[in-house]
Amino acid sequence: LFHKHPKEVAFSFDGAFGTFDKAQLQRGFKVYQEVCSNCHSLKQVAFRDLTQLGYNEAEVKAIAKNWGNKAQTFDPKTGDRGDRPNLPSDHFPPVYYAGQGNPPDLSLVAKSRHGGAQYIHSLLTGYTDQVGYKNGQGQELLKMFPDAKTPDGLYFNPYFANLNLAMPQPLTSDGQVTYSDGKAATVDQMALDVSAFLTWTAEPKLDKRKQTGWPVLGFLLAATVLAYLAKRNVWADKH
Ligand code: HEM
């Protein structure tokens, strides 16, 4: 394996005590909405799930209604197919992509790709030119095959398993997305935020899962102490 290991970046949800940062998830959603959703679907997620990010019902209703791709409808009586504006209960609608390659649905990609959020962040910020990369340190594969070229229609990215992928660099300039919380929308920040958002779509119950662990551990500890005291009592010398 010659592709690069993801860059080590810290996320609020790392570790046993980590939780999602809702402001970051909202920024990440905005990046998905304005950039990634042009090519990638998010079919496991329903609009109303966005209330978990801190949006209220009216905001979710508006986001659904104004979503670019409409909900598909089918009338079984007439066989007519059509569309209508999305409702909060609808899942994010399919995306029709005419370019080269096959953009995967992003709902679970943070779980299905090794490295998760760190991998997505590195992929989005890792586009580089192949020649410069080859001349750097330790780029074994490209040194072994000095004539290997990135095929037409593919883009070189050392974090991608095959090194060349069909996704053109999606985040190219600072301020590409306008954040409403005042955070500076650098390319790196947008990549971090959308990676966090896609971690939430892949595991919306992450916070809850971590929280339930502690009472369980506390119970086990208390049970151990009781068992120890009971043992001392049972085996005590009784005169
Ligand atoms: C693949 C994320 C925007 C087209 C991927 C993959 C991820 C991803 C995680 C999978 C890589 C892998 O297989 O390991 C994103 C994010 C975006 C974004 C977070 C927004 C910031 C776009 C846009 C387009 C696009 C705007 C279309 C112009 C593709 C294609 C692939 C892909 C065609 C398949 C690549 C291949 O297998 O060769 N994307 N993407 N993506 N994306 Fe995107």
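Whatever order the structure lists ligands and atoms in, that order sets their numbers, starting from 1.
Ranking the protein heavy atoms by distance from atom 12 (C) of ligand 1 puts Arg113 NE, 3.1 Å first. For atom 34 (C) of ligand 1, the nearest protein heavy atom (residue, atom name, distance) is Asn102 O, 3.6 Å. With hydrogens left out, the protein atom closest to atom 23 (C) of ligand 1 is Cys39 SG, 3.3 Å, a heavy atom. For atom 29 (C) of ligand 1, the nearest non-hydrogen atom of the protein is Met167 CB, 3.3 Å. Distance from atom 31 (C) of ligand 1 to its nearest protein heavy atom, with residue and atom name: Pro103 CA, 3.7 Å. Of the protein's heavy atoms, Cys36 SG, 3.5 Å lies nearest to atom 16 (C) of ligand 1.
Under a cutoff of 6.0 Å and an axis angle of 45°, Arg113 and Tyr119 do not form a cation-pi pair.
Contacts of Asn38 with ligand 1, taken as heavy-atom pairs under 4.0 Å, are absent altogether. If you look at Pro104 next to ligand 1, the close heavy atoms, those under 4.0 Å, all belong to the side chain. Under 4.0 Å from ligand 1, not a single heavy atom of Asn164 appears. Neither the backbone nor the side chain of Tyr32 has a heavy atom within less than 4.0 Å of ligand 1. Heavy atoms from both the backbone and the side chain of Ala166 come within less than 4.0 Å of ligand 1. When non-hydrogen atoms are compared, ligand 1 lies under 4.0 Å from the side chain of Pro170 (C-beta onward) but not from its backbone.
Looking only at distances, no side-chain donor or acceptor of His121 sits under 3.5 Å from a matching main-chain atom of Ser195. Under the 3.5 Å distance criterion, the side-chain polar atoms of Ser41 are left unmatched by any main-chain donor or acceptor of Pro94. Here the side chain of Gln176 pairs a donor or acceptor atom with the backbone of Pro170 at under 3.5 angstrom.
Contact annotation: the side chain of Asn86 approaches that of Pro93 to within less than 4.5 Å [non-hydrogen atoms, C-beta and beyond]. In this structure the side chain of Trp200 never reaches within 4.5 angstrom of the side chain of Leu206, judged on heavy atoms.
We find that Lys43 and Asp90 are not joined by a salt bridge, their nearest charged nitrogen and carboxylate oxygen being 4.0 Å or further apart. A salt bridge links Arg209 to Glu203: one of the charged nitrogens lies within less than 4.0 Å of a carboxylate oxygen.
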### Task
Dump the intermediate steps for side-chain contact (heavy atoms from CB on, under 4.5 Å) on Lys183 and Arg27, then the final yes or no.
CA-CA 9 Å; Lys183 193 89 176 171; Arg27 294 193 301 270; 3.8 Å; yes
### Task
Go through the steps for Lys30 and Ser180 under the test side-chain hydrogen bond (donor to acceptor under 3.5 Å, both in side chains), then give the verdict.
CA-CA 10 Å; Lys30 204 149 189 237; Ser180 46; 5.2 Å; no
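Atoms of ligand 1 lying under 4.0 Å from any heavy atom of Gln100, numbered from 1 in the order shown and given with element: 33 (C). Close approach to Val35 involves these atoms of ligand 1, each under 4.0 Å from a residue heavy atom: 26 (C). Counting the atoms of ligand 1 from 1 in the order shown, those under 4.0 Å from a heavy atom of Leu165 are 38 (O). Residue Tyr119 approaches ligand 1 through these ligand atoms, each under 4.0 Å from one of its heavy atoms: 11 (C), 12 (C), 14 (O).
Taking only non-hydrogen atoms, the option from Phe160, Tyr155, Tyr159, Tyr97 nearest to atom 37 (O) of ligand 1 is Phe160.
A side-chain donor from one of Gln189 and Asp193 sits under 3.5 Å from a side-chain acceptor of the other.
Sorting the N, O or S atoms of His40 by how far they are from atom 43 (Fe) of ligand 1 puts NE2 first.
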